[in-house]
Amino acid sequence: ATARRSPEGGLIKVESDSTKYEEGGIRAKYTDRGADVVKGADGKFTVKKTEKNYEFFTKTKVGNVGLMLVGLGGNNGTTVLATHLANKHQIAWRTKDGLQQPNYIGSVVRASTVKLGVDPETGKDVYVPISDMLPMVHPNDLVIGGWDISGVEMDQAMLRAKVLEWDLQRQLVPHMQGVKPLPSIYYPDFIAANQADRADNLIPGDDKQSHLEQIRKDIRQFKTDNNLDSVVVLWTANTERYADIIEGVNDTSENLLKSIKESHDEVSPSTVFAVASILEGVPFINGSPQNTFVPGCIELAEKHQTFIGGDDFKSGQTKVKSVLAEFLVNAGIKPLSISSYNHLGNNDGKNLSSHKQFRSKEISKSSVVDDMVSANHILYKTATELTSENENGEIIKKGEHPDHIVVIKHVPAVGDSKRAIDEYYSELLMGGRNIMNIFNECEDSLLATPLIFDLTILAELITRIKYKSLDNKEQEEEEFKSLYSILSLLSYMLKAPLVKPGTEVINSLNRQRNALEQFLKACLGLEHSNDLLLNTRIW
Ligand code: NAI
Ligand code: DG6
């Protein structure tokens, strides 16, 4: 199933007045239903139902899609290319358990399903793969390339990563030999000093403007050389330190472009890649935790109406945490502390052993339970209920929150096989206590790689979707427009989801998945199927 492609135009046909199939696309009307809630002085809530009407247009031709990875020669980069090649060429390999076939397990798009409705004859739920909901690029069809500061050829880089089984690596070597990542940019201050010996494949010079122009040229060249209709650029290079946000430097798009021209020290490599992608009109996704998207970069994406998404792949520990914390809080149990330890031995762990880079990761790993905590004011006192005085006599308003620590250690011996240990310490009924421990062990890059495919497939899909409001006549006559620049719909795959300024970050994994599912259904004019299952509850 993972190798199957959907037919051109999609596998699903909706029969409804609100969904129309026309030359080149699907046009679907969708009503977004919600509620406005106002709390009165008497403490009562007034709820008004709301309805907003939209029309979506999805271009059905996928075209040739390229994926350019920044950090192609790293553990994730090599595993992405190797997985793609093994699937494309159907390379099976021997393990001690027998013959292993390639697959895309762990990809929510390729290996998970959505309930589409009910079979009227049997009354049973009908599920379809997410990849069949709308026409999406198959990962076997991607053209993959990219940059790395390490010039090691891809076969050797795959061997260096020590992620995949030897019998697979052996068969992939001929496919990856001679493939060298494009030279990249290296500003030593942004990644750990212990990475310096990798940096032997660099775009010459120190001028950030010419770096920007070279990267833009690389994107264009990749597109022409491979006859591509679209490209997605994705950062899976080392975690950088945070960039300082400085007025006049990176606070507006104009200042950011000026700072690149002046080669300002505080412009990071990842921001240069993001700016290059925005200026080339291609989506840019940040798979690492640093603040690549400084305010000037977000403004630039808005101005150019291109797509950006981030930050930091949510592969294992954080994914489980967002599920467990939500389960506990929604069960009315109060987590008092969450203590997370990781150790890993790959190059990512080596880079993160440096304090500033660790700090970027600590920030992205720490915010994940915030929205669940703030949603339950029965368990956690809110800032208005909980005020305290600091040593200067100032009143501090801070909501109650579980203690939350994140520790990461580099243990070279364990390689890519990351160990994540979490303790959840919670309050139960009548002052009781509960301790839950989780020990999670697996190859980190085998979790991150399917996320990279998902992010690419969904980002490309979103470039083909347009919408318009139907709520006033003027807008009805307007042209369809693209979604807002920040792709918060990709939150399911990202630890610290970047969202539209002024809107709330959703960390709950279930809510993130529902949003994605609901969006795909909306593009087909389908209402979100709910779990009320009224027919099973009435006579
Ligand atoms: P890695 O260290 O094996 O690979 C990173 C690659 O980036 C290296 O080959 C390095 O030479 C290259 N690089 C560094 N700076 C560069 C630049 N300016 N331009 C081009 N290439 C550059 O790391 P890995 O394991 O592949 O992870 C990549 C990133 O993804 C890290 O930031 C990591 O924190 C993040 N991440 C990884 C997850 C996982 O499960 N593997 C999950 C969440 C995030
Ligand atoms: C140590 O935590 C290394 C990191 O790069 C993580 O492996 C990565 O961020 C994945 O984190 P998580 O919390 O999603 O498993």
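One-based numbering, in listed order, for ligands and for the atoms of each.
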Requested in this report: Taking Q101 for its side chain and A92 for its backbone only, find out whether a donor-acceptor pair lies under 3.5 Å.
Outcome: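 Judged by distance alone, no pair lies under 3.5 Å.
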
Requested in this report: Using modelled atom types only, decide if a donor and an acceptor are shared between the side chain of S485 and the backbone of A301 within a distance under 3.5 Å.
Outcome: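 It does hold such a pair.
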
**Report entry** V320 and N440, any side-chain heavy atoms less than 4.5 Å apart
**Finding:**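 Heavy-atom side-chain distance check passes, below 4.5 Å.
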
Query raised in the report: Is there side-chain contact between W166 and L159, with at least one heavy-atom pair below 4.5 Å?
Result: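 A side-chain contact exists here, since the closest heavy-atom pair is under 4.5 Å.
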
Requested in this report: Only heavy atoms count here, so choose which of A448, P188, G74, S360 is nearest to atom 4 (O) of ligand 1.
Outcome: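 Residue with the shortest heavy-atom distance to the ligand atom: G74.
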
**Report entry** Selected option - heavy-atom contact closest to atom 43 (C) of ligand 1, from Y187, F313, Y186, F273
**Finding:**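 Comparing heavy atoms across Y187, F313, Y186, F273, the nearest one to atom 43 (C) of ligand 1 lies in F313.
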
Side chain, backbone, both or neither: which part of [X] has a heavy atom under 4.0 Å from ligand 1?
{"X": "K361", "result": "side chain"}
{"X": "K495", "result": "side chain"}
{"X": "I185", "result": "backbone"}
{"X": "A237", "result": "both"}

Side chain or backbone of [X] under 4.0 Å from ligand 2, or both, or neither, by non-hydrogen atoms?
{"X": "L344", "answer": "side chain"}
{"X": "T318", "answer": "both"}
{"X": "L352", "answer": "side chain"}

Query raised in the report: Hey, is A420 one of the residues with a heavy atom under 4.0 angstrom from ligand 2?
Result: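 It does not, in that no heavy atom of A420 comes within the 4.0 Å cut-off of ligand 2.
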
Do any nitrogen or oxygen atoms of [X] lie less than 3.5 angstrom from nitrogen or oxygen atoms of ligand 2?
{"X": "K361", "answer": "yes"}
{"X": "K319", "answer": "no"}
{"X": "G316", "answer": "yes"}

Report task. Salt-bridge test for E517 and R513: reply yes if a basic N is under 4.0 Å from a carboxylate O, no otherwise. Result ->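 R513 and E517: salt-bridged.
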
Closer than 4.0 Å to some heavy atom of [X] - which atoms of ligand 2 meet that?
{"X": "K314", "result": "14 (O)"}
{"X": "I408", "result": "1 (C), 2 (O)"}
{"X": "D348", "result": "3 (C), 4 (C), 5 (O)"}
{"X": "K418", "result": "1 (C), 6 (C), 7 (O), 10 (C), 11 (O), 12 (P), 15 (O)"}
{"X": "D444", "result": "6 (C), 7 (O)"}
{"X": "K495", "result": "8 (C), 9 (O), 10 (C), 11 (O), 12 (P), 13 (O), 14 (O)"}

Requested in this report: On the 0 to 90° scale, with breaks at 30° and 60°, tag the W147-F273 ring pair as parallel, tilted or perpendicular.
Outcome: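 Rings of W147 and F273: perpendicular, as their planes differ by over 60°.
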
Query raised in the report: Between H410 and H343, does the ring centre distance come in under 6.0 Å?
Result: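 No, the ring of H410 stays outside the 6.0 Å limit from the ring of H343, centre to centre.
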
Query - Stacked cation flag K208 on Y187, 6.0 angstrom / 45 deg - result: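 That pair qualifies as a cation-pi contact.
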
Query raised in the report: Is the closest side-chain donor-acceptor distance between N255 and T252 under 3.5 Å?
Result: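 Yes, side-chain donor-acceptor contact under 3.5 Å.
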
Query raised in the report: Which protein heavy atom lies closest to atom 41 (N) of ligand 1, and at what distance to 0.1 Å?
Result: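 Nearest neighbour among protein heavy atoms for atom 41 (N) of ligand 1, to 0.1 Å: N76 OD1, 3.1 Å.
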
Query raised in the report: Under 6.0 Å from the NZ atom of K261, do we count more than 12 heavy atoms belonging to anything else shown?
Result: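 Open.
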
